[in-house]
J.: 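Got a structure for you, written out below as structure tokens; questions coming shortly.
Sequence lines set the chain letters: A, B, ... in the order given, protein chains first and strands last, and positions in each chain run from 1.
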There are 2 protein chains.
Amino acid sequence: MKSDKPYRLTRQREVILEEVRKVYHHPTADEIYENVRKTLPHISLGTVYRNLDVLAEFGLIKKMEPDFPQMRFDGNTKEHYHITCLHCGMIEDAPIEPSGNSLKNLENALGNLTKHGIFGHKLEFIGLCSKCREKENGRIFKEKLNECIDTGGFK
Amino acid sequence: MKSDKPYRLTRQREVILEEVRKVYHHPTADEIYENVRKTLPHISLGTVYRNLDVLAEFGLIKKMEPDFPQMRFDGNTKEHYHITCLHCGMIEDAPIEPSGNSLKNLENALGNLTKHGIFGHKLEFIGLCSKCREKENGRIFKEKLNECIDTGGFK
DNA sequence: ATTGTTGCAAATATTTTGCATCAAT
DNA sequence: ATTGATGCAAAATATTTGCAACAAT
């Protein structure tokens with residue numbers, strides 16, 4: 001719970017929270033909308049979006065945003081990991097080799113645990129690029145760090 | 001190069017490829033569009049999108065798609081990794097603890113190498129869920145595996 | 001009574017597509 | 001000559017927002 005505004009309990013909010021908690025497959029907003037409509041046929045999609053934001057703000061659910069919102073393109077076709085700057089959004093190449101061993105082990109372990117066929121992974125580092133770091137002198141670092149911990153957005 | 005259709009060299013395609021290779025920060029389609037327009041003022045955004053697809057299809061550039069296209073929501077607010085099914089798109093929780101040690105070491109190493117402030121990572125496993133695996137009996141597994149290797153989409 | 005919330009519709013933003021014309025092979 | 005590529009505009013998709021009416025505190 002990190003927001004300072006009051007948490008006003010509405011029927012819509014209540015049902016939406018219930019629906020998100022009911023399913024275990026990370027539903028999209030319109031999946032939730034369709035389910036909630038069975039209970040509240042007149043609810044609007046805008047209300048669903050707004051409430052999902054509010055619920056996440058209060059830490060009751062987790063909002064999973066795509067790692068970056070738009071497609072991007074890369075002239076470097078070799079395999080590599082990326083570092084994303086939380087402040088300016090810039091994505092840079094990580095100057096380390098994709099670590100073949102330890103993460104391959106994790107993949108194998110997971111495959112055995114789950115009966116899934118695991119055959120790859122994506123690893124993205126999150127931080128502040130040097131420019132933003134200077135400019136912000138740690139301010140955003142701490143702010144964002146808290147946000148990330150609170151939402152469990154990544155580890 | 002994996003497409004069977006002919007690669008037709010047009011001026012637009014040439015300039016677009018040049019622009020993607022020129023910048024090192026993983027540009028978006030409209031960034032490329034704006035840059036290409038300095039050389040070809042009448043090019044359309046549709047042409048840019050279509051060519052970026054074609055260039056990626058021929059392995060000349062890499063297309064970076066967001067890990068999932070829409071926002072998703074999660075009733076489980078604990079930290080955890082995810083497994084994404086390439087076939088049906090379902091995202092499940094990975095039944096392993098976020099590995100604090102080895103990846104934290106990587107984070108530290110990267111921080112030192114780059115002067116970035118690294119304070120987190122996202123790790124996503126890619127595979128086929130058990131249902132899709134049965135249904136497809138390995139077919140898509142191999143297909144997609146090749147695709148992934150070719151595009152370097154993930155490692 | 002105050003102020004946040006709702007439903008609706010319109011706006012935004014990103015990407016895709018239909019189509020007639022044009023250009024590379 | 002054939003067939004893929006282009007420019008343009010319209011469509012499709014996902015999300016946000018303005019606003020008047022409404023409801024929780």
Side-chain angles (χ1 to χ4, degrees), chain A residues 1-20 26-58 60-74 89 91, chain B residues 1-20 26-58 60-74 89 91:
Chain A
M1 300 276 179
K2 64 163 175 274
S3 191
D4 44 339
K5 56 180 183 184
Y7 180 76
R8 209 172 261 198
L9 185 64
T10 65
R11 179 81 180 118
Q12 288 89 336
R13 199 160 286 177
E14 191 183 16
V15 176
I16 290 168
L17 177 55
E18 216 170 84
E19 286 301 330
V20 175
H26 313 85
T28 59
D30 60 278
E31 244 177 289
I32 297 160
Y33 174 60
E34 289 306 333
N35 287 341
V36 169
R37 282 221 291 179
K38 290 171 194 157
T39 312
L40 304 172
H42 293 293
I43 198 171
S44 80
L45 186 54
T47 297
V48 171
Y49 272 104
R50 275 182 293 222
N51 271 311
L52 289 168
D53 271 349
V54 172
L55 291 170
E57 209 177 322
F58 281 92
L60 297 169
I61 65 171
K62 212 164 61 173
K63 188 174 175 180
M64 296 169 59
E65 304 194 63
D67 48 0
F68 45 90
Q70 303 171 43
M71 282 182 196
R72 290 172 172 272
F73 299 88
D74 197 343
I91 300 177
Chain B
M1 299 275 181
K2 64 163 177 276
S3 190
D4 44 339
K5 54 180 182 180
Y7 181 77
R8 210 173 260 198
L9 184 64
T10 64
R11 179 80 181 121
Q12 287 88 336
R13 198 159 286 177
E14 191 183 16
V15 177
I16 290 169
L17 177 55
E18 216 170 85
E19 287 301 330
V20 177
H26 312 86
T28 59
D30 61 278
E31 244 178 289
I32 297 161
Y33 173 59
E34 289 306 333
N35 287 341
V36 169
R37 280 218 296 178
K38 289 170 194 159
T39 311
L40 304 173
H42 293 293
I43 198 170
S44 80
L45 185 54
T47 297
V48 171
Y49 272 104
R50 275 181 295 223
N51 272 310
L52 289 168
D53 272 347
V54 171
L55 291 170
E57 211 177 321
F58 281 93
L60 298 169
I61 65 171
K62 212 163 63 173
K63 187 175 176 179
M64 295 168 59
E65 305 194 63
D67 48 359
F68 44 89
Q70 302 170 43
M71 282 182 196
R72 289 172 174 271
F73 299 88
D74 197 342
I91 299 177

J.: Could you tell me which residues satisfy salt bridge (charged side-chain N to carboxylate O under 4.0 Å, His left out) with B:Arg37, sequence neighbours excluded, listed by chain and number?
T.: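 B:Arg37 satisfies salt bridge (charged side-chain N to carboxylate O under 4.0 Å, His left out) with B:Glu34 only.
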
J.: Report yes or no: does B:Arg72 contribute a side-chain atom to a donor-acceptor pair with the main-chain N or O of A:Met64 at less than 3.5 Å?
T.: no

J.: Could you state the CZ-P distance from B:Arg37 to D:dT6, rounded to the nearest angstrom?
T.: 16 Å

J.: Using the C1' atoms of the five pairs at each end, what is the angle between the end axes of the helix from C:dA1-D:dT25 to C:dT25-D:dA1, to 10°?
T.: 40°

J.: Just to verify, what does A:Pro69 make a side chain to side chain contact (heavy atoms under 4.5 Å, CB included) with, not counting sequence neighbours?
T.: none

J.: Any base atoms under 4.0 Å from A:Leu45, or only sugar-phosphate, or nothing? Heavy atoms, all strands.
T.: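 Base contact.
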
J.: Could you list the residues that satisfy side-chain hydrogen bond (donor to acceptor under 3.5 Å, both in side chains) with B:Asp67, not counting sequence neighbours?
T.: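 Checked B:Asp67 against side-chain hydrogen bond (donor to acceptor under 3.5 Å, both in side chains); zero matches.
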
J.: Once each nucleotide of nucleotides 4-14 of chain C is scored for protein heavy atoms under 4.0 Å, what B/S/- sequence comes out, 5' to 3'?
T.: BSBBB-----S

J.: B:Tyr33 has an atom OH; how far is it from atom P of C:dT16, in whole Å?
T.: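 After rounding, the gap between these two atoms is 16 Å.
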
J.: Taking side-chain hydrogen bond (donor to acceptor under 3.5 Å, both in side chains) as the test, write out the residues that go with A:Glu19, two or more places apart.
T.: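 Partners of A:Glu19 by the side-chain hydrogen bond (donor to acceptor under 3.5 Å, both in side chains) criterion, ordered by chain and then number, come out as A:Lys22.
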
J.: Can you sort out the partners of B:Glu14 under side chain to side chain contact (heavy atoms under 4.5 Å, CB included), two or more places apart, ordered by chain and number?
T.: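 With sequence neighbours excluded, B:Glu14 shows a side chain to side chain contact (heavy atoms under 4.5 Å, CB included) to B:Leu9, B:Arg11, given in chain and number order.
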
J.: Show me the side-chain donor-acceptor pairs of residues 49-56 of chain A shorter than 3.5 Å, one per line, residues at least two apart or across chains.
T.:
unit_1, atom_1, unit_2, atom_2, d
A:Asn51, OD1, A:Arg13, NE, 2.5
A:Asn51, OD1, A:Arg13, NH2, 3.1
A:Asn51, ND2, A:Thr47, O, 3.2
A:Asp53, OD1, A:Lys63, NZ, 2.4

J.: For A:Leu52 and D:dT17, give me the distance from atom CG to atom P, rounded to whole Å.
T.: 15 Å

J.: Taking all non-hydrogen atoms of both residues into account, name the closest pair between A:Thr28 and B:Phe73 and its distance.
T.: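 A:Thr28 and B:Phe73 have their closest heavy atoms at C-CD1, 4.5 Å.
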
